[in-house]
A.B. asks: 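Okay, handing you the structure first.
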Amino acid sequence: MSENHRDRIYRNPEQPPAEFVFDRRVAQVFPDMIQRSVPGYATVINMLGVLAGEYVQPDSVVYDLGCSLGACALALAGSITAPKCRIVAVDNSPDMIEQAQQQPQLQQLATPIEWIHADIREIPIANASMVILNFTLQFVPPAARLELLRSIHQGLRPGGLLLLSEKISFEDPQQERLQIDMHHAFKRANGYNELEISRKRSALEKVLIPETLEQHCTRLADAGFSRTDLWFQCFNFVSLVARP
Ligand code: GEK
């Protein structure tokens, strides 16, 4: 990894914005940042192919909502075997969408990716067999989350799947403390220092709003999903699959 792509945003003396934003500086170091900050991220991405093999239907659309540089879209494009599918990858950060489209891996994909710069709340979901919200819903204002999930539910075909990965909180303070401590230890082990960890935490405070697993499951049911299963957890990071 070149030094230009190493996440030093909260180590540099030059001050980043007080509130975390997905700007050019973040887009440039994003793969390094997310790998070193989100426990289990690589596992979730690697397992997408298995889910795609089971759930992506011929002649359907797969949505990667809050795609960043399109790690999910790219993993899916390499593993979808169903014919006549397309992938729609959406992000409201112009820097993310711009850099996503410059990646060399985009040549010769079996399933094409359409990149859209937009708010995921404005995107109509239709004819979907798989929808991915990989660590994105946590950045959507809580009051807007139910409506977004309803629109995903109504756009999913029978037999389709929503994959929802999130950082979660815990009602029990001891459990919450334990999981936060484990997450911070994970970040330290990945080379972040105490100052970087605490500065990033403050910057994310009003931007990334985690909820409990129960809140997520209840809201998914309210949005119309018939069942939700937890398939992955590492500390306070989980991934769920919800069926329409
Ligand atoms: C991955 N899924 O690599 N509309 C569109 N995009 C949004 C919105 C919104 N309302 N809110 C946030 N975003 C990716 C990782 S990162 C997670 C997702 C993280 C976008 C935001 O611009 C950013 O690119 C992404 O959601 C969240 O699997 O950084 O922890």
Side-chain angles (χ1 to χ4, degrees), residues 5 7 9-10 16-17 19-49 51-52 62-78 87-101 103 105 113-125 130-149 151-152 162-168 183 186-187 190 192 197 200-201 203-211 232 234-240:
H5 294 98
D7 172 23
I9 291 175
Y10 290 93
E19 268 195 6
F20 187 83
V21 279
F22 290 96
D23 58 12
R24 190 187 51 77
R25 196 151 47 147
V26 169
Q28 193 178 358
V29 299
F30 191 71
D32 178 63
M33 172 185 280
I34 197 147
Q35 286 277 355
R36 292 200 289 134
S37 307
V38 174
Y41 174 77
T43 305
V44 172
I45 300 285
N46 288 337
M47 297 313 289
L48 284 179
L51 293 171
V62 173
Y63 291 85
D64 181 4
L65 302 178
C67 61
S68 300
L69 301 182
C72 297
L74 284 163
L76 290 165
I87 299 169
V88 174
V90 185
D91 205 288
N92 66 354
S93 157
D95 297 295
M96 286 291 192
I97 288 290
E98 193 191 315
Q99 289 199 31
Q101 291 179 87
Q103 298 176 97
Q105 307 94 295
I113 303 176
E114 181 186 351
W115 302 95
I116 300 181
H117 171 225
D119 191 310
I120 55 175
R121 292 171 286 175
E122 309 297 329
I123 290 289
I125 308 289
M130 194 164 169
V131 178
I132 314 277
L133 278 168
N134 202 37
F135 304 108
T136 302
L137 192 67
Q138 58 197 16
F139 292 103
V140 172
R145 293 178 186 179
L146 178 59
E147 197 185 330
L148 173 62
L149 293 177
S151 122
I152 293 170
L162 165 67
L163 179 131
L164 173 64
S165 306
E166 289 277 289
K167 181 178 190 182
I168 59 165
H183 179 219
F186 170 87
K187 291 188 79 166
N190 284 332
Y192 287 112
I197 294 171
K200 173 95 178 271
R201 188 173 161 84
L204 278 172
E205 210 150 44
K206 297 198 181 86
V207 181
L208 188 171
I209 318 251
E211 295 172 294
F232 181 82
C234 188
F235 315 137
N236 43 352
F237 291 79
V238 298
S239 191
L240 308 169

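In each ligand, atom 1 is the first atom listed, and ligand 1 is the first ligand listed. For this chain, numbers begin at 1 and follow the sequence in order.
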A.B. asks: How far is atom 27 (C) of ligand 1 from its nearest protein heavy atom, and which residue and atom name does that atom have?
C.D. replies: Phe135 O, 3.6 Å

A.B. asks: What protein heavy atom sits nearest atom 16 (S) of ligand 1, and how far off is it?
C.D. replies: Ser68 OG, 3.3 Å

A.B. asks: Under a 4.0 angstrom heavy-atom cut-off, which atoms of ligand 1 come close to Ser93?
C.D. replies: 22 (O)

A.B. asks: Provide, to 0.1 Å, the distance between atom 1 (C) of ligand 1 and the closest protein heavy atom, together with that atom's residue and name.
C.D. replies: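 Sorting protein heavy atoms by distance from atom 1 (C) of ligand 1 puts Tyr41 OH, 3.4 Å first.
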
A.B. asks: Which pair of heavy atoms, one from Ser165 and one from Val44, lies closest together, and at what distance?
C.D. replies: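 Ser165 and Val44 have their closest heavy atoms at OG-CG1, 3.9 Å.
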
A.B. asks: To check your reading of the model: name the closest protein heavy atom to atom 29 (O) of ligand 1, its residue, and the distance in Å.
C.D. replies: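 Atom 29 (O) of ligand 1 sits closest to the protein heavy atom Phe22 CE2, 3.2 Å.
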
A.B. asks: Give me the nearest non-hydrogen protein atom to atom 5 (C) of ligand 1 as residue plus atom name, then the distance to 0.1 Å.
C.D. replies: Asn92 N, 3.2 Å

A.B. asks: So which atom in Ala100 and which in Gln103 form the shortest heavy-atom distance, rounded to 0.1 Å?
C.D. replies: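 Nearest pair, atom of Ala100 first, then Gln103: O-NE2, 2.9 Å.
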
A.B. asks: Pull out every atom of ligand 1 sitting under 4.0 Å from any heavy atom of Gln138, numbered as shown with elements.
C.D. replies: 30 (O)

A.B. asks: Out of curiosity, His117 NE2 to Ile97 CD1, how far, rounded to the nearest 0.5 Å?
C.D. replies: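 Going from the NE2 atom of His117 to the CD1 atom of Ile97 covers 7.5 Å.
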
A.B. asks: For Ala118, take its heavy atoms, then give the atoms of ligand 1 lying under 4.0 Å from any of them.
C.D. replies: 4 (N), 5 (C)

A.B. asks: For ligand 1, which part of Ser37 has a heavy atom less than 4.0 Å away: the side chain, the backbone, both, or neither?
C.D. replies: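 Answer for Ser37: neither.
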
A.B. asks: Nearest protein heavy-atom contact for atom 14 (C) of ligand 1: which residue, which atom, what distance?
C.D. replies: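 Among all protein heavy atoms, the one nearest atom 14 (C) of ligand 1 is Gly66 O, 3.4 Å.
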
A.B. asks: Quick one: look up the protein heavy atom nearest atom 12 (C) of ligand 1 and list residue, atom name and how far away it is.
C.D. replies: Phe139 CB, 3.7 Å

A.B. asks: Which heavy atom of the protein is the closest neighbour of atom 10 (N) of ligand 1, given with residue, atom name and distance?
C.D. replies: Asp119 OD1, 3.1 Å

A.B. asks: Quick one: does Leu163's side chain get under 4.5 Å of Ser239's, heavy atoms only?
C.D. replies: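 Leu163 vs Ser239: side chains touch.
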
A.B. asks: Supply the atom-to-atom distance Lys167 NZ to Leu208 CG, rounded to the nearest 0.5 angstrom.
C.D. replies: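 It comes to 6.0 Å.
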
A.B. asks: Quick test of your reading: applying side-chain hydrogen bond (donor to acceptor under 3.5 Å, both in side chains), list the pairs with at least one residue in residues 63-77, sequence neighbours left out, ordered by first then second residue.
C.D. replies: none

A.B. asks: Does any non-hydrogen side-chain atom of Leu76 lie less than 4.5 Å from one of Leu51?
C.D. replies: no

A.B. asks: Pull out every atom of ligand 1 sitting under 4.0 Å from any heavy atom of Cys72, numbered as shown with elements.
C.D. replies: 28 (O)

A.B. asks: Which is closest to atom 22 (O) of ligand 1 by heavy-atom distance: Leu65, Asp91, Val90?
C.D. replies: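 Considering heavy atoms of Leu65, Asp91, Val90, the nearest to atom 22 (O) of ligand 1 sits in Asp91.
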
A.B. asks: For Phe232 versus Pro39, what's the shortest heavy-atom pair and its separation?
C.D. replies: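 Scanning both residues, the minimum pair turns out to be CE2-O, 4.3 Å.
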
A.B. asks: Answer yes if the ring centres of His183 and Phe237 are under 6.0 angstrom apart, and no otherwise.
C.D. replies: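 Ring-ring flag for His183/Phe237: true, centres closer than 6.0 Å.
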
A.B. asks: Sequence neighbours excluded and cut-off under 3.5 Å, please list the side-chain donor-acceptor pairs for residues 19-29, or say none.
C.D. replies:
unit_1 : atom_1 : unit_2 : atom_2 : d
Asp23  : OD1    : Arg25  : N      : 3.3
Asp23  : OD1    : Val26  : N      : 3.1

A.B. asks: State the atoms of ligand 1, each with its element, that fall below the 4.0 Å cut-off from a heavy-atom position in Phe30.
C.D. replies: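 Checking each atom against Phe30, I get 3 (O), 15 (C), 16 (S), 29 (O).
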
